[in-house]
Structure formats: C-alpha cells, structure tokens
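Values below: every heavy atom of this structure, side chains too, minus hydrogens, waters and symmetry copies.
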Protein chains: 2
Amino acid sequence: MSFCYAYPRPAVTTDIAVFTIRNQRLSVLLIERGGDPFCGYWALPGGFVEPDEALETCALRELEEETGITGVWLEQLYTFGTPGRDPRQHVITVAYFALVPMESLVLKAGSDANDAQWFYIDDLPKLAFDHQDILDLARHRLRAKLDYSTLAFRFIRDNFTLGELQSVYEIIRGEALDKRNFRKFVKSLGLVEDAGYFKQGGPGKAARLYRLACPDQLYYTR
Amino acid sequence: MSFCYAYPRPAVTTDIAVFTIRNQRLSVLLIERGGDPFCGYWALPGGFVEPDEALETCALRELEEETGITGVWLEQLYTFGTPGRDPRQHVITVAYFALVPMESLVLKAGSDANDAQWFYIDDLPKLAFDHQDILDLARHRLRAKLDYSTLAFRFIRDNFTLGELQSVYEIIRGEALDKRNFRKFVKSLGLVEDAGYFKQGGPGKAARLYRLACPDQLYYTR
DNA sequence: ACAAAAGTGTTCTCGATACACCCATGC
DNA sequence: GCATGGGTGTATCGAGAACACTTTTGT
C-alpha cells in the first residue's frame, strides 16, 4: 500500500520533551529506540503525524503510546526542518515541551520503544537525530519563561509548601534564592492560597500547605 | 508524475508575515491569490516546502518569488496544523515573521500572485485560510518582544533620528511615549552612536542622526 | 511671527535585592 | 539536645514613570 501525491512531501513528526524534577534535579524523559535509524540510541518520544491529526493531538498520542503518560500540558517549542536531520529522508519535526509534577508518574514502555526512562538534564547520553539541539532550546526556554510566566507551578501539585515551590525555581535557575524575598514574590503573584493544612512528618518544623487560588487560568503574568 | 510513500503525509508550507511601517501605521504584506482555494482572497506570501529544503530557505524563496523581497531577517513564529485549515487537504504551515525598514521596498507581483500589496494591520480584508490567526499571533509577538529585545531596530535604517525610533515604538505599542524617558532608555541600551550628521529639511529643528554601534549582533537584550 | 519638531533633568514610586535570627518538629 | 527545615521585617538600590520649558529651523 502506498500514498501518492502530485508533488514530493517531507514527512512530519512531533517530538516531546517532558520535564520533571527528580531527586532535586531537572530531568527529561527519553526512550530507547528499538528500530533504525539510531537503533539503541536514546531519543525524545515522538512520531509521525497521522492523516488529519492536529499537531498537539499527535504529540499527546505519541507520548501515551511510547511512555503511557496522558493528559499533560503541552507548549509548542519550535519546528526543526534542517535537511539531513534524519538520515533516511527529509523529516520536519514540530517540537513540544511538557512539564509534569515531580514524582507523579508511572512509566511503561510502549510499542515503539524498548524502554522509557528519566535522565538528569545535565547527564544525558548521546541522543538520536538533533534531539540534543531540541533539548538545549527547550531548556533555554524553560529558564526564560520562569521569569515572566507561572510555568513553575506545572512542576508541583496542590498542597505544596513554599519550600518546595522555591526549590523548583532554584533547580531551574541553577542558583539559590533568598527565602524571604521568594515568599514575598510568591505572595505578590496572588496565585496561591493557604490550604489550611500542614505537612507533617519530614525533618524540621511542619510546613504550611498551599494550593492554587485559580487552578484553571494559570498562565502568563507580566 | 507522482510521488509515493509507505504512509500518508500532510503537505508542508511556510507562510511569512512581513511587517513594515508606512505612513506611521504598522503594515503587512499580502498577496492576492490567483488560484484555488480562496481565489481572489488576500493571503500571506508562502508556499510548499521543496525536497530537502530548509524551512527558512523555503520562506525566503517564496517571499522572493511572490513579492520580489530578498534578504530579510526572519524569525519563526509558530506552526499551524489544525486539520481543515486548508479545505483541500491537510496542510501544516510553519509561519515566520519578517521586519523590513520603512519605505524601503519595491514590490513586484510574482508568478504565484496576481498582486502584492501593503495593508494597514488594523484595516485588513478578509484573509484566506487561517491567516488572520497567524497575523494576530504575529502582532502579539511583535508587541511582546518590543519590550525585551531590540527588534524595533529592524524597522529603521542607519542614520535615523531618535524621533523616528521613538515613533516605531509608539506605533507598535499603540500609545505615546515620553520623549525624555525614551531617550534615556535608548542611551541605556548602548546600541546606538552619533553618526555626526543632522537631518535637515523637515519642519522644525534639525535632528541629530544616529547609527547602530554594532550592526551585526543586534539582538536580545535582557 | 509662528508652527513644528529637537533637545534637556529632577523627583517619585515601586519592585528587586541584601541580610540574620527564632521556632517547631523528628530523631 | 541537635539537626533540619519553617517562618518572619527592614533598609537599600535602580529602573521606570511623571512632568515643562527652551532651541532651532522652515515657511
């Protein structure tokens, strides 16, 4: 069976960089490729766009098929189409990135992948295709948007402590922040409210828990 | 002649929103479509990606073919792939935007277009496809990047007056700015230097002319 | 002379930064 | 009792906003 067109067409894929925070380190989800090209290499989850499929739908579908992750928030990152990025043929990929709360996911290897695994962003294996470029850009965007959006909240769940939230900011920025200034900053955003409970059990004083005041519209400040 | 593949593929195009400032108004370049679909409608210049063609190369080529414009600076905007955006088939378009200096271009109608013309961004005809959405996003991006990049300089040429530069900012932001604050701001950027000449001839006092201190690396502040 | 645009400083406000100590809890 | 993280206020600095008059040129 084959599909024929009057003019040649490049193939189109989506690739997704899923970030989370594990063990206080920024991490990304990769799959081990089971087929050519780059068999045995690690790569971003992703795959070909199906007929009449929206790009974001494709990204969500591939993510579920290859890793079992569903229902995440996605943002389009950039479209990569340099000839030669796939050695077989001209493939244009629309890259997305996703943020998931820390330690909240059960992975399963899917049909297209031998294995799916989290890697620390600063300790990656050699990646297939131009996926390292995609990750470099994604990481850059993540850091930039931290300052003018509320994307950090995507890494945590309701009933978080301000200490946890602060550590998300610190991990993405790669530097320590002043605790009092940070708390002032968070309160000035006006997005969080006291959940009325405390987090018991860890070392140290019990921490007040917070939740999002408007869990829905949670984007772009400034 | 036809081109056949083992799996179906969407078509891929690039579209380009070229902005300039004419008569103190933000304007965009459109072409009148000569063929179906949307024959007779106005649309963004753009067209299909050729085999092994880089996306940006495609955008530049289509822009030249359809409007005669060459060598402009491009930035990738967003990739649109909603099924149904082209009534014939699934077409994914990678949208770019370009900024050209005011009153600097001679247009010519190209092979694929009956006509190419500048339109005021606030006074557009009904556009083909989802090109109005693309323009809405482009305009939004333009306004946002004005504040954290030096993109405004793309609208002017060397030997500009600070009044001219200020009017670029005012036109994109849609509001008047204070002259003294604006001059302080520009000097703090450290990107412009006195060209040593004055602009004679207009009404009012002759204005000092400036040029870019580093015409090359002209991007991203903050 | 007058219309039109160029050019020039100071004050205020607000957000960002720097900085140190006591408190509650688990072990 | 001690180690660990939670919680709190004040002073300083710098960028951005508000604000009005004089100068030069063309007509």
**Message:** Of the options dG9(C), dG6(D), dC19(C), whose atoms approach the side-chain atoms of K184(B) most closely?
**Reply:**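 Looking only at side-chain atoms, K184(B) lies closest to dG9(C).
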**Asked** Which nucleotide, dG9(C), dT8(D), dG7(C), lies nearest any side-chain atom of R180(A)?
**Response**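 Given the options dG9(C), dT8(D), dG7(C), the side chain of R180(A) is closest to dT8(D).
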**Asked** Is the centre of the F153(B) ring less than 6.0 Å from the centre of the F155(B) ring?
**Response**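 Aromatic pair excluded; centres sit 6.0 Å or further apart.
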Between [N] ([atom2]) and [X] ([atom1]): distance, integer Å:
X	N	atom1	atom2	value
D178(B)	dC12(C)	CG	C1'	14 Å
F185(A)	dA18(C)	CZ	P	16 Å
D147(A)	dT17(C)	CG	P	9 Å
K179(A)	dT17(C)	NZ	P	18 Å
Y148(B)	dG16(D)	OH	P	16 Å
N181(A)	dG7(D)	CG	C1'	14 Å
K187(A)	dA16(C)	NZ	P	16 Å
F198(A)	dG7(D)	CZ	C1'	11 Å

**Item:** Beyond-backbone contact of V91(A) with V12(A), side-chain heavy atoms, under 4.5 angstrom
**Value:**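 Answer no - side chains too far apart.
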**Pairwise distance CG(L26(A)) to CH2(W118(A)) - rounded to 0.5 angstrom** =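 Between L26(A) CG and W118(A) CH2, I get 9.5 Å after rounding to 0.5 Å.
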**Message:** When you measure from the side chain of Q166(B) to the backbone of L177(B), do you find a donor-acceptor pair of N or O atoms at a distance under 3.5 Å?
**Reply:**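 Between the backbone of L177(B) and the side chain of Q166(B) there is a qualifying donor-acceptor contact (under 3.5 Å).
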**Request:** Spell out, as yes or no, whether a donor-acceptor pair under 3.5 Å connects the side chain of T20(B) to the backbone of V100(B).
**Result:**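 Yes, the answer is positive, given that a donor and an acceptor are paired below the 3.5 Å cut-off.
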Could you pull out the protein-nucleic contacts involving nucleotides 23-27 of chain C (nitrogen or oxygen on both sides, under 3.5 Å)?
{"from": "dA24(C)", "atom 1": "N3", "to": "K205(A)", "atom 2": "N", "distance (Å)": "3.3"}

**Item:** Stepwise salt bridge (charged side-chain N to carboxylate O under 4.0 Å, His left out) check, R183(A) with D178(A)
**Value:** CA-CA 9 Å; R183(A) 291 162 112 83; D178(A) 179 82; over 6 Å; no
**Message:** At 4.0 Å (heavy atoms only), tell me whether R183(B) reaches a base, stays on the sugar-phosphate, or touches nothing.
**Reply:**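 It contacts base atoms.
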**Prompt:** In this structure, are over 12 heavy atoms from other groups packed under 6.0 Å from Y197(B) atom OH?
**Reply:**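 Check fails, neighbour count at 12 or below.
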